[in-house]
Amino acid sequence: MPRANEEVEALLNEYADLLSITGGDGFKVRAYEKAARAVAGHQEDVSTLSAKQLRAISGVGSSIADKIAEYFAHGQVAVIEEARTRIPAGVRELTEIPTLGPKKAMLLYEQLGIASIDQLVDAIQHERLHGLKGFGPKTAENILHGVDLLRSSGGRVLIDVAMELAEDIVAQLSTVDGVERCAYAGSLRRFRETIGDVDILAAAEDSGPVMAAFRALDLVAEVIASGEKKTSIRTAKGLQVDLRVVPLESWGAALQYFTGSQAHNIRTREMAVHAKLKLSEYGLFEVDSGELIVSRTEEEVYQRLGLPWIPPPLREDRGEVEAALRGELPDLVEVTDLRGDLHTHTDLTDGIASLEEMLEAAATRGYRYYAITDHAPNLVMQRMTDEKMLAQRERVRELDRAYRGMRLLHGTELNIDPDGEVDWPPEFLAGFDLCVASVHSAFTQSRADTTRRLVRACENPHVNILGHLTGRQIGHRAPIDADFDEVFRACARTGTALEVNSFPDRLDVRDEHILHAKRYGVKFSIDSDAHSIRDLAQIRYGVGTAQRGWLTADDVINTWPLTRLRKFLRKPSARGA
DNA sequence: GCCGTTTTCGGCCCGACTGTTTTCAGTCG
């Protein structure tokens with residue numbers, strides 16, 4: 001997303017928070033939140049748009065358009081500055097505490113002058129909340145607990161952690177008597193890169209036994225809430241898991257509802273309202289008669305709203321409803337479309353499995369081709385040499401004759417140095433079937449230098465794929481700063497594919513970059529970057545990320561037949577050389 | 001504050017659970 005759009009998104013969300021804290025009209029609050037989402041999802045840089053062009057964005061009217069224009073003209077917005085002076089930043093911070101929302105935060109500030117989490121904790125410990133309306137002993141306890149959670153975890157976990165937990169829970173609950181269906185939903189089903197809590201849905205006539213089984217799971221550290229229809233628990237690692245139980249007749253509507261996103265659900269429910277229907281997790285109902293229309297499958301629910309079934313990774317209110325109405329939903333790439341993996345390692349460098357072991361595991365996955373791409377010598381710690389690389393190539397050629405049905409490609413993962421140069425001279429690079437090139441150091445260069453560095457790598461006639469473009473490690477290392485539009489244009493111009501790296505702490509490039517790059521005509525390679533046999537299976541997270549970026553099989557070079565792939569790997573700039 | 005094959009005014013998605021309540025507000029998703 002353009003940086004300006006990100007700034008405006010944050011500004012509008014902040015103002016929405018400030019309005020809700022001051023008790024402003026809830027619909028007005030939602031209008032600002034909706035506008036924030038609309039700006040974030042808008043492809044053009046909003047700082048370059050006139051007020052009239054801004055108003056053309058759905059959800060942005062004249063008032064918000066004027067505020068955005070004011071922001072870019074003066075660096076601030078008067079009414080937002082004014083709201084900031086009335087509500088200290090610490091009061092907004094209070095609403096980050098679970099169970100403490102805008103109303104309670106404002107009451108604490110008005111009655112007791114509390115304007116930070118520290119002050120709130122201090123007030124509770126000194127029993128200064130006594131007699132404050134709505135703050136009984138249980139509320140105080142919940143707030144302290146919420147502060148602990150906030151300080152310890154920050155909340156979200158990587159997708160593989162959540163996925164393994166969810167699959168374990170679904171497997172266990174599926175065996176409970178009376179459970180007719182069980183599945184995970186929520187952001188996990190949409191393949192978001194990090195997960196705040198896990199949503200599990202079960203279908204059963206009597207919810208009692210499955211709720212009891214859920215509370216009794218070994219992984220439960222704390223039961224947060226438990227009722228007839230919904231139970232929430234927290235695991236020892238601090239991850240919240242919600243279980244909802246519905247009758248089987250409601251399965252489709254419930255799955256649609258609990259998959260979200262919230263913004264997508266608002267869109268679908270609005271469509272229902274316009275059709276004189278009411279959509280809830282229990283089904284699609286006729287408003288006048290209250291009669292149930294459909295709810296058994298998601299397909300039925302969407303169909304009755306006049307839509308085709310929308311794949312979960314698209315359900316972010318990023319234009320999927322409009323595309324569905326036009327009949328232009330993309331036919332998303334699937335794991336089964338992949339014919340091979342183009343970025344993998346062995347124990348010749350930092351992998352932990354041998355070449356033979358990795359190939360055996362790859363063949364089991366049914367791949368038609370497979371590339372070995374160990375590190376090149378400039379990552380000195382990997383101790384690569386020309387001789388070792390050539391010996392590996394010879395071994396790969398031998399094994400290639402032995403494997404029926406899976407062709408082996410010999411490649412390497414080059415290191416893009418701060419100037420955009422890579423490890424070997426052109427003559428040596430020409431001997432590889434393909435080259436991935438990635439940034440492994442100097443992550444804090446200036447934006448201009450980084451951009452030049454990446455464009456230069458694209459222009460190298462032997463570089464076929466840019467590996468983990470931004471270098472980010474979720475929760476640990478920030479992405480490099482570059483003019484990515486410039487890089488995407490260079491990728492498209494030079495025939496360099498952009499990697500979707502499937503490692504759960506990378507997922508690099510991410511969904512928003514994919515959406516942008518695709519518009520420039522960039523092609524992608526979904527790779528495992530496997531360093532072990534187990535890592536090969538992580539490719540499903542890369543595929544999920546690619547789906548969130550609206551990619552079809554045709555956008556992804558490792559779904560192509562080998563002949564088409566080989567043609568792509570011979571870059572225009574290398575032909576005839 | 002936004003928006004319009006019902007509308008330029010009057011709507012705006014819907015339900016579960018908790019805590020502090022004598023019937024419901026606040027929070028969450």
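By convention in this document, chain letters (A, B, ...) are assigned in the order of the sequence lines, proteins followed by strands, and residues within each chain are numbered from 1. None of the values given here were measured: they were computed from a predicted structure.
- Between A:Ile224 atom CD1 and B:dG29 atom C1' there is a gap of 13 Å when expressed in whole angstrom units.
- Counting heavy atoms of neighbouring residues, nucleotides and ligands inside a 6.0 Å radius, atom CZ of A:Arg519 exceeds 12 of them.
- A:Lys104 comes within 4.0 angstrom of the backbone, heavy atoms only, and of no base.
- The distance from atom CG of A:Leu94 to atom P of B:dG26 is 16 Å, rounded to the nearest whole Å.
- Pairing of B:dT8, defined by two Watson-Crick or G-U wobble distances under 3.5 Å, is not identified with any nucleotide.
- Nucleic acid contact class of A:Ser58 (heavy atoms, under 4.0 Å, all strands): sugar-phosphate only.
- Of the C1' atoms belonging to B:dT21 and B:dG26, the separation is 12 Å, rounded to the nearest Å.
- At the phosphate of B:dG19, OP1 or OP2 sits under 4.0 Å from a side-chain N or O atom of A:Asn142.
- For the OP1/OP2 pair of B:dA16 and a distance below 4.0 Å, the side-chain nitrogens and oxygens of A:Tyr257 include no atom meeting the criterion.
- Remark: A:Arg304 CZ is loosely packed, at most 12 non-hydrogen atoms of other residues, nucleotides or ligands lying under 6.0 Å away.
- Going from the P atom of B:dC9 to that of B:dC14 covers 25 Å, rounded to whole Å.
- Distances were taken from every side-chain heavy atom of A:Arg269 (C-beta onward) to each of B:dC13, B:dA16, B:dG19; the shortest belongs to B:dC13.
- Across all strands, A:Ser232 comes closer than 4.0 Å to no nucleic acid atom at all (heavy-atom distances).
- Annotation: B:dC28 and B:dC13 have their C1' atoms spaced 14 Å apart (nearest Å).
- Rounded to whole Å, the distance from CZ on A:Arg30 to C1' on B:dG1 is 12 Å.
- Taking the six-membered ring where the residue is Trp, A:Tyr302 and A:His264 present tilted rings, their angle falling between 30° and 60°.
- Taking a 6.0 Å sphere around CD of A:Glu228, one finds it holds 12 or fewer heavy atoms contributed by other residues, nucleotides or ligands.
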